[in-house]
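Nothing fancy with the numbering, it's 1 onward along the sequence.
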Amino acid sequence: MKQTHTGVWTIAEIEDGSINPVSYELLAWGKGLSERLKVELTSIVLTNKIKDIESLIHYGADKVYYVENDKLEHFYPDTYTNILQQMVEEMKPEIILASATTKGRTLMPCLASSLKTGLTADCTDFEIEEETRRLIQIRPAIGGNVMAKIKTMTNPQMATVRPKSKLPLPKDESRRGEIIKKEFNEEMYQSRYEWINYKRDESIEQPLQQSDVIIAGGKGIRKQENFKYLKEIAERLNGAVGATRAVVDMGWIDYSHQIGLSGKTVSPKLYIAVGISGAVQHIAGMSTSKYIISINKDPEAPIFKVSDLGIVGDATEIVPLLLKELKQGDKK
């Protein structure tokens, strides 16, 4: 059968002219798929201004198509959909990936509907089916208790990917590729939406997925009150507090702190797992952390298999000692 669609696209995200790091994570996913399929990897940019567009090439893209217009200062789903629909119908990519951010989760369903194709949301992994070249989209289902494998039978095959589920490729400034500007009629930029205002949520002390340091608690901390130690340590390390699904289900901490397949996927520079045994669902949400320290009284706990440093001991005894040392360090 003749291949009518070819190539892998990733949708870059731009914030005030700067490339959001999730764009580089997407390129890492796209690179693996494009190499398996032996096709080009293309990054798509829609914005009113952009800095350092060449970095998309440096992080893995073979080609970049960008649309630059003042009317793209704000994200209007219908405008983005109209432009992307025309580009897809013209160039016919076989796979389109976007990040499962607020923007990606809004845009991709609109685009999939316009293109009359399927969409799998919140993926954590991908495979290529050798016989058919179809994308196997893997994502948690049934509350994170199983991993579903989904195959889209229409083109293009579209998916959103969890942020922080893969590290970007190393930056290679020697890479070369094409950067092509696309032009559209002004009518393409018309929208049914009206921009009113943007207000940042100030109730979150430290966004979990943006934190370089995370200290997370599991059932091994024994009681809800012991989260106060984790919160104080996080404050001293300028980090954030995470948690397992088990303690969230028990009401010890809010769901916004949950890490794992049914929570957030994180990739900080330092991850401290306190009283966490290491269920598969939790490890999948934090295993790409750069450095992992685990505290657990069970020497056979699965969390130690992904840890750089393991401390065998009772978390309720070790954590107060850790906090004490941090306080003494502040006095020096």
Side-chain angles (χ1 to χ4, degrees), residues 4-15 17-20 22-27 29-31 33-34 37 39-50 53 56-57 59-123 126 135 137 152-161 163 177-193 195:
T4 57
H5 288 70
T6 184
V8 177
W9 282 12
T10 64
I11 309 298
E13 292 198 17
I14 313 300
E15 296 177 358
S18 298
I19 298 171
N20 188 314
V22 297
S23 307
Y24 303 134
E25 296 170 21
L26 282 175
L27 286 171
W29 282 113
K31 196 66 176 175
L33 298 175
S34 65
L37 294 168
V39 296
E40 282 188 329
L41 173 60
T42 300
S43 183
I44 307 297
V45 177
L46 276 64
T47 185
N48 67 315
K49 60 181 178 180
I50 186 166
I53 194 170
L56 294 167
I57 300 291
Y59 278 102
D62 301 306
K63 187 179 291 184
V64 176
Y65 284 108
Y66 75 103
V67 181
E68 191 173 13
N69 188 286
D70 289 342
K71 292 188 173 65
L72 294 174
E73 178 182 2
H74 304 303
F75 171 58
Y76 295 131
D78 54 351
T79 300
Y80 272 59
T81 297
N82 292 339
I83 292 171
L84 287 170
Q85 180 181 353
Q86 185 164 320
M87 292 177 69
V88 170
E89 290 174 347
E90 174 189 341
M91 291 177 270
K92 294 183 168 51
E94 54 190 307
I95 294 171
I96 305 176
L97 304 180
S99 186
T101 55
T102 301
K103 184 181 290 186
R105 288 175 171 176
T106 304
L107 171 64
M108 292 291 271
C110 297
L111 182 59
S113 176
S114 296
L115 295 170
K116 296 180 172 55
T117 190
L119 169 68
T120 302
D122 213 25
C123 294
F126 298 103
L135 179 67
Q137 300 145 92
T152 303
M153 301 307 295
T154 50
N155 283 317
Q157 302 159 91
M158 295 176 56
T160 58
V161 190
E178 290 186 82
I179 299 177
I180 303 164
K181 185 174 184 179
K182 295 287 289 181
E183 302 281 359
F184 292 93
N185 295 329
E186 282 301 308
E187 62 190 40
M188 289 289 287
Y189 300 98
Q190 303 305 312
S191 175
R192 290 168 293 179
Y193 296 88
W195 181 266

| So, does Gln157 use its side chain to make a donor-acceptor pair with the main chain of Leu135 at under 3.5 Å? | yes
| message | What's the separation between atom CD in Gln86 and atom CE in Met91, rounded to the nearest 0.5 Å? | response | 9.0 Å
| said: Check whether Tyr59 reaches the backbone of Leu27 with its side chain - one donor and one acceptor, N or O, closer than 3.5 Å. | reply: no
| said: Which residues pass the side-chain contact (heavy atoms from CB on, under 4.5 Å) test with Gln190, not counting sequence neighbours? | reply: Lys71
| query | Is it true that a side-chain atom of Thr152 and a backbone atom of Thr154 form a donor plus acceptor pair closer than 3.5 Å? | reply | no
| For the side chain of Glu94 and the backbone of Gly7, is there at least one donor-acceptor N/O pair under 3.5 Å apart? | yes
| query | Nearest heavy-atom pair of Val22 and Pro163: which atoms, and what distance? | reply | CG1-CB, 4.1 Å
| task | Decide yes or no on side-chain contact (heavy atoms from CB on, under 4.5 Å) for Phe75 and Thr102, but give the supporting numbers first. | result | CA-CA 11 Å; Phe75 171 58; Thr102 301; over 6 Å; no
| remark: Between Leu115 and Met158 the two heavy atoms that sit nearest each other are CD1-SD, 4.2 Å
| query | Where is the tightest heavy-atom contact between Ile14 and Leu46, given as atom of each residue plus distance? | reply | CG1-O, 4.4 Å
| task | Flag the pair Val88 / Trp9 as yes when at least one side-chain heavy-atom distance between them is below 4.5 Å, and no otherwise. | result | yes
| task | With rounding to the nearest 0.5 Å, note down the distance linking CD1 in Ile96 to CG in Asn155. | result | 9.5 Å
| Between Tyr76 and Tyr193, how do the two ring planes meet: parallel, tilted or perpendicular, split at 30° and 60°? | parallel
| query | Can you check side-chain contact (heavy atoms from CB on, under 4.5 Å) on Ile179 and Tyr66, steps first, answer last? | reply | CA-CA 8 Å; Ile179 299 177; Tyr66 75 103; 3.8 Å; yes
| request: Establish, from distance only, whether the side-chain atoms of Gln85 and Glu89 form a donor-acceptor pair under 3.5 Å. | output: yes
| request: Take Leu97 and Phe126, measure what side-chain contact (heavy atoms from CB on, under 4.5 Å) needs, and give me the verdict at the end. | output: CA-CA 11 Å; Leu97 304 180; Phe126 298 103; 3.8 Å; yes
| side-chain contact (heavy atoms from CB on, under 4.5 Å) between Asn48 and His74, worked out | CA-CA 8 Å; Asn48 67 315; His74 304 303; over 6 Å; no
| Is any side-chain heavy atom of Trp195 closer than 4.5 Å to a side-chain heavy atom of Glu73? | no
| query | For the residue pair Ser191 and Thr79, what are the closest heavy atoms and their distance? | reply | CB-OG1, 3.4 Å
| Are the side chain of Ser99 and the backbone of Gly104 linked by a donor-acceptor contact shorter than 3.5 Å? | no
| query | Out of curiosity, Leu119 CG to Thr160 OG1, how far, rounded to the nearest 0.5 Å? | reply | 6.0 Å
| said: In the structure I gave you, are the side-chain heavy atoms of Tyr80 and Leu72 within less than 4.5 Å of one another anywhere? | reply: yes
| query | Checking Asn69 side chain against Tyr189 main chain: does a donor-acceptor pair fall under 3.5 Å? | reply | no
| remark: CD1 of Ile57 to CG of Asp62, rounded to nearest 0.5 Å, is 7.0 Å
| query | Any donor-acceptor pair under 3.5 Å linking the side chain of Ser34 with the backbone of Lys31? | reply | yes
| field | 4.5 Å side-chain heavy-atom contact, Ile95 and Val39 | value | no
| To the nearest 0.5 Å, what is the distance between OH (Tyr24) and OG (Ser43)? | 9.0 Å
| task | Working to the nearest 0.5 Å, report the span between OG1 of Thr10 and CD of Glu25. | result | 11.5 Å
| note | Nearest heavy-atom contact between Asp122 and Ala100 is OD1-CB, 3.9 Å
| note | Residues Thr117 and Pro156: closest non-hydrogen pair is OG1-O, 2.7 Å
| request: Check whether any side-chain heavy atom of Pro93 sits under 4.5 Å from a side-chain heavy atom of Val8, and report yes or no. | output: no
